[in-house]
J.: 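Next up is a structure, given as structure tokens.
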Amino acid sequence: MSVKAKKHLGQHFLTDELIAQQIADTLTQNGYKNVLEIGPGMGVLTKYLLKKPLTTHVIEIDTESVEYLQAHYLNLAERIISKDFLKIDLKDFFGDEQVAIIGNFPYNISTQIVFKTLENRHQIPEFSGMFQKEVAQRIAEKEGSKVYGILSVLTQAFYNVEYLFTVPPTVFNPPPKVDSGVIRFIRKENYTLPVNEKLFYKVVKTAFQQRRKTLRNSLKTLNLSDSLREDSIFDKRPEQLSVQEFINLTSKIEKDAI
């Protein structure tokens, strides 16, 4: 018995054992005892997680995959969550305990998984997984690059992000049309912002919606005072600003509104 990959779920099953082991080994096991794998499919990565001194949980929306895992991984049966990761409350399953996230993520929901992780960063000290290569690079990229954007800034505000390695399409069934990339986030020691978080998100998103314009033009909708708009930071385009500069910019905008 094997599980048929379903297009609507964005399933591409990893078939290479060595790569599965390499992904499992990206976990530092530092500061947590639980790990939650998203979308385990037939458990190629799961089996390597189960060998680690961690309590492995999996979350899977595909009922066929759930049945397969229940039949083949008896020691995991009680820790299979048959739900949608994007819709659960981590507290319902882990209480206040820390939990690392790992997975070969479906491309169609991978950025939503990142945003959910950022919302729950107080409970997720580490995150490791496989994305479409282009998305993985974008998340890990630093300022000054054409692919540096909203995802890069918001993720790097709270986590140290590292692009680890590239995975070719040939190791999946069915093979995707593009390369994949494995990245890891390790939560920063201080993962709260010294500014209003909602405003920070708004500034970053508004700036990058018109990324070719200078901040003076792209942030017009925020109704900034003329004196603030004279600040030299507004001569820059969003991709030129580091995460820290975005935090500084948000702080200036916050003070301007008082």
Side-chain angles (χ1 to χ4, degrees), residues 31 85-87 89-91 96 98 101 105 109-127 129 131-132 134-163 181 183-258:
F85 174 72
L86 298 176
K87 293 177 181 167
D89 184 340
L90 285 174
K91 277 197 172 2
D96 292 325
Q98 299 286 291
I101 300 289
F105 305 124
I109 60 161
S110 62
T111 53
Q112 290 165 271
I113 290 171
V114 173
F115 282 121
K116 169 109 178 180
T117 297
L118 299 183
E119 280 167 31
N120 290 276
R121 63 185 183 274
H122 58 283
Q123 202 160 4
I124 302 173
E126 193 168 289
F127 174 104
F131 293 79
Q132 191 171 330
E134 189 186 303
V135 177
Q137 286 175 320
R138 198 183 308 151
I139 297 169
E141 197 55 89
K142 296 289 182 221
E143 70 273 12
S145 156
K146 288 272 178 283
V147 298
Y148 177 75
I150 295 170
L151 263 183
S152 330
V153 176
L154 298 183
T155 308
Q156 292 173 42
F158 308 112
Y159 289 90
N160 293 312
V161 182
E162 196 180 351
Y163 186 98
I183 52 175
R184 178 176 58 209
F185 312 166
I186 295 177
R187 189 175 61 197
K188 292 181 172 179
E189 267 186 51
N190 183 3
Y191 53 90
T192 55
L193 292 178
V195 292
N196 180 297
E197 196 177 306
K198 271 191 179 156
L199 182 61
F200 176 73
Y201 271 61
K202 187 178 181 180
V203 168
V204 173
K205 287 178 177 177
T206 308
F208 279 106
Q209 272 160 4
Q210 302 179 47
R211 62 181 301 142
R212 293 196 176 154
K213 294 186 176 179
T214 64
L215 295 167
R216 190 167 288 115
N217 289 318
S218 61
L219 297 180
K220 260 183 184 162
T221 54
L222 299 185
N223 298 322
L224 309 172
S225 70
D226 291 342
S227 60
L228 178 61
R229 283 159 54 89
E230 283 167 21
D231 191 306
S232 61
I233 197 166
F234 288 93
D235 297 331
K236 293 185 173 185
R237 292 195 307 279
E239 74 221 34
Q240 295 175 289
L241 265 64
S242 67
V243 173
Q244 187 56 50
E245 285 175 309
F246 266 110
I247 292 170
N248 297 346
L249 173 62
T250 306
S251 176
K252 288 177 180 185
I253 292 170
E254 229 173 354
K255 287 175 184 142
D256 188 56
I258 293 167

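Reckoned from all heavy atoms, side chains included, excluding hydrogens, waters and symmetry mates. Here the structure is a predicted model, which is why all the values come from computation and not from measurement.
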J.: Please tell me if the side chains of R184 and I186 come closer than 4.5 Å, counting only heavy atoms from C-beta onward.
T.: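 Yes, side chains in contact.
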
J.: At what distance, to the nearest 0.5 angstrom, does NZ of K205 lie from CZ of F200?
T.: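 Reported value, rounded in 0.5 Å steps: 11.0 Å.
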
J.: Could you report the tightest heavy-atom contact between L199 and N196, atom names first, then the distance?
T.: N-OD1, 2.9 Å

J.: Test of understanding: with ring-ring contact (aromatic ring centres under 6.0 Å, His included), list the residues that count as partners of F185, not counting sequence neighbours.
T.: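 Here the qualifying residues are F127, Y159.
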
J.: So which pairs with a foot in residues 212-246 pass ring-ring contact (aromatic ring centres under 6.0 Å, His included), sequence neighbours left out?
T.: F208-F246

J.: Would one find more than 12 heavy atoms of other residues, nucleotides or ligands at under 6.0 Å from atom CG of D96?
T.: no

J.: Can you name the closest pair of heavy atoms from S110 and F131 and give their distance?
T.: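 For S110 and F131, the tightest heavy-atom pair comes out as CB-CD2, 3.4 Å.
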
J.: Please find the pair of heavy atoms, one from A207 and one from P238, that lie closest to each other, and give the distance.
T.: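 Heavy atoms of A207 and P238 come nearest at O-CG, 3.4 Å.
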
J.: Salt-bridge test for E239 and R211: reply yes if a basic N is under 4.0 Å from a carboxylate O, no otherwise.
T.: yes

J.: Under the criterion salt bridge (charged side-chain N to carboxylate O under 4.0 Å, His left out), which of R216, K255, K252 is the partner of D231?
T.: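 Of R216, K255, K252, salt bridge (charged side-chain N to carboxylate O under 4.0 Å, His left out) with D231 is met by K252 alone.
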
J.: First locate atom CG of L90, then atom CD of Q98, and finally report the distance between them rounded to the nearest 0.5 Å.
T.: 10.5 Å

J.: Going by distance alone, is a donor N or O of one side chain under 3.5 Å from an acceptor N or O of the other, for T221 and N223?
T.: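 Note: T221 and N223 side chains miss the donor-acceptor criterion.
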
J.: Could you walk me through whether T250 and N248 pass the side-chain hydrogen bond (donor to acceptor under 3.5 Å, both in side chains) check?
T.: CA-CA 5 Å; T250 306; N248 297 346; over 6 Å; no

J.: Could you tell me whether the side chain of I139 reaches within less than 4.5 Å of the side chain of S152, counting heavy atoms only?
T.: no

J.: Before giving the answer on side-chain hydrogen bond (donor to acceptor under 3.5 Å, both in side chains), spell out for D256 and S225 the whole-Å C-alpha distance, their side-chain angles and the decisive distance to 0.1 Å.
T.: CA-CA 7 Å; D256 188 56; S225 70; 2.5 Å; yes

J.: Testing Q240, R138, E143 one by one against Y148 for a side-chain contact (heavy atoms from CB on, under 4.5 Å), which residue passes?
T.: E143

J.: Between L222 and K202, is there a side-chain heavy-atom distance shorter than 4.5 Å?
T.: yes

J.: Tell me whether T117 contacts the main-chain N or O of I113 through its side chain, where contact means a donor paired with an acceptor under 3.5 Å.
T.: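 Yes: the side chain of T117 pairs with the backbone of I113.
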
J.: Can you give me the closest heavy-atom contact between K116 and N120, atom names plus distance?
T.: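 The answer is O-ND2, 2.8 Å.
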
J.: Could you state the interatomic distance from NZ (K220) to OG1 (T206), rounded to the nearest 0.5 Å?
T.: 14.5 Å

J.: Rounded to the nearest 0.5 Å, how far apart are OG of S218 and CZ of R212?
T.: 13.5 Å

J.: How far does CD1 of I253 sit from CG of L219, to the nearest 0.5 angstrom?
T.: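 Those atoms lie 5.5 Å apart.
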
J.: Cation-pi check, R121 to F158: give yes when NZ or CZ is under 6.0 Å from the six-membered ring centre and within 45° of the ring axis, no otherwise.
T.: yes

J.: Taking only residues two or more places apart in sequence, or in another chain, which ones meet R229 in a side chain to side chain donor-acceptor pair (under 3.5 Å)?
T.: none

J.: Mind listing the closest non-hydrogen atom pair of F105 and G129 along with its distance?
T.: CE1-CA, 3.6 Å

J.: Locate the shortest heavy-atom distance separating T155 from L151; write the atom from each residue and the value.
T.: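 Of all heavy-atom pairs spanning T155 and L151, the closest is OG1-O, 2.7 Å.
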
J.: Please examine the side chains of R187 and I124, heavy atoms only from C-beta on, and report whether any two atoms are closer than 4.5 Å.
T.: no

J.: Dump the intermediate steps for side chain to side chain contact (heavy atoms under 4.5 Å, CB included) on L154 and F115, then the final yes or no.
T.: CA-CA 9 Å; L154 298 183; F115 282 121; 3.7 Å; yes

J.: How far apart are the C-alpha atoms of K188 and Q156, what are their side-chain angles, what is the distance that settles it, and do they pass the side-chain hydrogen bond (donor to acceptor under 3.5 Å, both in side chains) test?
T.: CA-CA 9 Å; K188 292 181 172 179; Q156 292 173 42; over 6 Å; no

J.: Atom CG of L215 and atom CD of E245: how far apart are they, to the nearest 0.5 Å?
T.: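 That separation rounds to 10.0 Å.
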
